[in-house]
Visitor: 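Dropping the structure in here first, questions after.
Keep in mind that this is a model prediction, so the values were computed, not measured. Each chain gets a letter, A, B and so on, in the order its sequence line appears, and its residues count up from 1.
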Number of protein chains: 2
Amino acid sequence: MKLSKKSEYGLRALIELALTHEKATLQRQEIAARQHIPIEFLEQILLMLKRAGLVSSRRGMKGGYALIKQPQDITLGQVIRILDGPLAPISCVSKTAYQKCNDCPYANKPRCPVQQAMGTVRDAISGILDHYSLADFAAGHRRG
Amino acid sequence: MKLSKKSEYGLRALIELALTHEKATLQRQEIAARQHIPIEFLEQILLMLKRAGLVSSRRGMKGGYALIKQPQDITLGQVIRILDGPLAPISCVSKTAYQKCNDCPYANKPRCPVQQAMGTVRDAISGILDHYSLADFAAGHRRG
DNA sequence: AAGTTGTTGACAAACTTACTCATATTTAAA
DNA sequence: TTTAAATATGAGTAAGTTTGTCAACAACTT
């Protein structure tokens with residue numbers, strides 16, 4: 001039930017990009033300094049977000065990173081799935097990365113207690129994170 | 001955001017103990033066989049549950065394990081906390097195992113976006129798991 | 001006393017996390 | 001056209017976690 005550092009850093013980095021959205025691009029060192037993130041690790045994270053189509057980058061002088069999409073069109077659920085994988089506590093209740101559990105004694109039965117319980121947990125988590133936009137998220141920064 | 005095998009096995013083992021509650025004690029091999037759990041690993045798990053006061057054990061012939069508490073008085077949240085640790089996605093929003101995050105730029109500020117978001121996730125998860133009793137959980141088995 | 005069970009601690013392979021490093025590639029400016 | 005500044009990429013890695021296994025021991029029943 002844990003959020004990795006990768007996702008935490010990714011979310012915090014996206015705050016900076018959201019705050020300067022359509023105003024400026026940010027270089028990794030600026031993001032790293034403002035959010036206290038190890039720069040080389042941050043790079044990997046930004047790259048993953050780029051490959052996933054959330055962020056654009058430019059090399060060379062005057063390079064840097066920027067959001068591609070509007071902050072209100074990016075959800076925390078998307079980001080965490082990109083960086084950490086599925087939100088579901090167990091893969092047999094994942095909607096985005098379902099996998100059948102084969103060694104489970106309830107595998108082919110109509111009801112599995114674990115599935116029932118964890119299914120509701122999954123729904124609760126994604127109900128929150130898939131409706132929590134980066135815009136809302138970054139707004140928590142301003143008044144802090 | 002993942003449930004470990006340890007917790008999954010622990011929960012499944014507790015189903016068996018709940019089903020025979022006040023009727024019989026169960027030996028590890030019976031539990032292991034019914035729920036397809038590696039027996040040596042199961043032993044460790046049952047021991048943790050015993051130390052936490054959920055389960056009792058007897059050695060020697062006719063030995064085995066049994067629930068100490070009523071199934072309706074045990075919640076999935078308790079079990080998972082024993083086996084996997086805190087439910088909170090990040091320790092700075094945990095109520096049972098709070099830890100201050102020190103390298104976070106929002107550490108001493110009144111608001112942290114990550115805390116806000118993950119706080120609601122934690123509340124949702126514990127809202128479900130701390131009110132989901134082992135009795136409810138095991139009931140999913142019967143009709144399956 | 002014998003046999004069956006749980007208890008304990010050590011061990012370990014495989015995997016994941018959270019990085020670091022070296023090197024290449026692209027871009028802008030001198 | 002060289003050079004400085006920036007991202008891109010892949011490899012590597014130390015430490016920790018997960019998911020077990022194994023062996024010796026202790027306690028209980030018959």
Side-chain angles (χ1 to χ4, degrees), chain A residues 1-13 17 24-33 35-68 80 82-86 89-91 101 103-104, chain B residues 1-13 17 24-33 35-52 54-68 80 82-86 89-91 101-104:
Chain A
M1 309 280 181
K2 232 179 131 205
L3 188 78
S4 72
K5 282 288 175 189
K6 191 186 278 185
S7 279
E8 188 200 326
Y9 291 159
L11 290 173
R12 296 220 314 258
L17 291 176
T25 68
L26 283 180
Q27 297 182 345
R28 19 171 234 177
Q29 57 206 356
E30 301 180 77
I31 300 172
Q35 291 285 342
H36 299 168
I37 302 171
I39 192 165
E40 314 275 2
F41 194 23
L42 174 62
E43 203 169 88
Q44 287 185 11
I45 294 167
L46 289 169
L47 200 55
M48 292 178 78
L49 295 175
K50 182 192 174 181
R51 292 208 184 102
L54 264 57
V55 153
S56 68
S57 66
R58 252 182 61 180
R59 298 209 236 196
M61 275 182 119
K62 294 239 170 192
Y65 296 89
L67 280 187
I68 290 182
I80 294 173
I82 291 165
L83 297 174
D84 265 6
I90 195 169
S91 56
C101 36
D103 65 334
C104 175
Chain B
M1 308 280 179
K2 232 180 129 206
L3 189 78
S4 71
K5 281 289 176 189
K6 189 185 280 186
S7 278
E8 188 200 326
Y9 291 160
L11 291 173
R12 297 222 311 262
L17 291 177
T25 68
L26 283 179
Q27 297 181 345
R28 10 169 243 181
Q29 58 205 356
E30 298 180 80
I31 301 173
Q35 290 286 341
H36 300 169
I37 302 172
I39 191 165
E40 314 275 2
F41 195 22
L42 173 63
E43 205 168 85
Q44 288 184 14
I45 294 167
L46 289 171
L47 200 53
M48 293 179 77
L49 296 175
K50 183 191 173 182
R51 292 206 184 104
L54 263 59
V55 154
S56 67
S57 66
R58 253 181 60 179
R59 301 207 230 195
M61 272 183 119
K62 296 241 169 187
Y65 296 88
L67 279 188
I68 290 182
I80 294 173
I82 291 165
L83 298 174
D84 265 8
I90 194 168
S91 54
C101 37
N102 41 7
D103 64 333
C104 174

Visitor: For B:L46 and B:I31, run side chain to side chain contact (heavy atoms under 4.5 Å, CB included): C-alpha distance rounded to whole Å, both residues' side-chain angles, the deciding distance at 0.1 Å, then the answer.
Guide: CA-CA 10 Å; B:L46 289 171; B:I31 301 173; 4.3 Å; yes
Visitor: Show me the side-chain donor-acceptor pairs of residues 2-11 of chain B shorter than 3.5 Å, one per line, residues at least two apart or across chains.
Guide:
residue	atom	partner	partner atom	Å
B:S4	OG	B:K6	N	3.3
B:S4	OG	B:S7	N	3.1
B:S4	OG	B:D84	OD1	2.4
B:S4	OG	B:D84	OD2	3.2
B:S7	OG	B:D84	OD1	3.2
B:S7	OG	B:D84	OD2	3.2
B:E8	OE2	B:R12	NH1	2.3

Visitor: Nearest heavy-atom pair of B:P89 and B:M1: which atoms, and what distance?
Guide: CB-CE, 4.2 Å
Visitor: Could you state the atom-to-atom distance from CE of B:M48 to P of C:dT7 in whole Å?
Guide: 14 Å
Visitor: From NZ of B:K50 over to P of C:dG6, roughly how many Å is that when rounded to an integer?
Guide: 11 Å
Visitor: Nearest whole angstrom, please: distance from the P of C:dT7 to the CG of B:L46.
Guide: 9 Å
Visitor: About how many Å separate CD1 of B:I82 and NZ of B:K50, when rounded to the nearest 0.5 Å?
Guide: 14.5 Å
Visitor: Measure the spacing between CG of A:L42 and CD of A:E30 and express it to the nearest 0.5 Å.
Guide: 11.5 Å
Visitor: Say you draw a straight line from OH of B:Y65 to CG of B:L47; how long is it, rounded to the nearest 0.5 Å?
Guide: 6.5 Å
Visitor: Would you give the length of the straight line joining atom OG of B:S57 to atom CG of B:L49, rounded to the nearest 0.5 angstrom?
Guide: 11.5 Å
Visitor: Would you mind building the protein contact string for nucleotides 25-30 of chain C? One character per nucleotide, 5' to 3', B for base within reach (heavy atoms under 4.0 Å), S for sugar-phosphate only, - for untouched.
Guide: BBBSS-
Visitor: To the nearest angstrom, how far is A:Q27 atom CD from D:dA8 atom C1'?
Guide: 15 Å
Visitor: Rounded to whole Å, please give me the gap between CD1 in A:I45 and P in D:dT9.
Guide: 16 Å
Visitor: Grab the CE-C1' distance between A:M1 and D:dT18 for me, whole Å please.
Guide: 16 Å
Visitor: Atom CD in A:Q35, atom CG in B:D103: separation rounded to 0.5 Å?
Guide: 11.0 Å
Visitor: Whole Å only: how far is the CG atom of A:L26 from the C1' atom of D:dA6?
Guide: 14 Å
Visitor: Determine, for nucleotides 10-23 of chain C in 5'-to-3' order, which nucleotides have protein heavy atoms under 4.0 Å from the base (write B), from only the sugar-phosphate (write S), or from neither (write -).
Guide: B-------BBBB--
Visitor: Within the pair B:S57 and C:dT7, is there a side-chain N or O less than 4.0 Å away from OP1 or OP2?
Guide: yes
Visitor: Whole-Å distance between D:dT19 C1' and B:L83 CG?
Guide: 13 Å
Visitor: Would B:L67 and B:V55 count as a side chain to side chain contact (heavy atoms under 4.5 Å, CB included) if you check the C-alpha gap in whole Å, the side-chain angles of each, and the deciding distance to 0.1 Å?
Guide: CA-CA 4 Å; B:L67 279 188; B:V55 154; 4.2 Å; yes
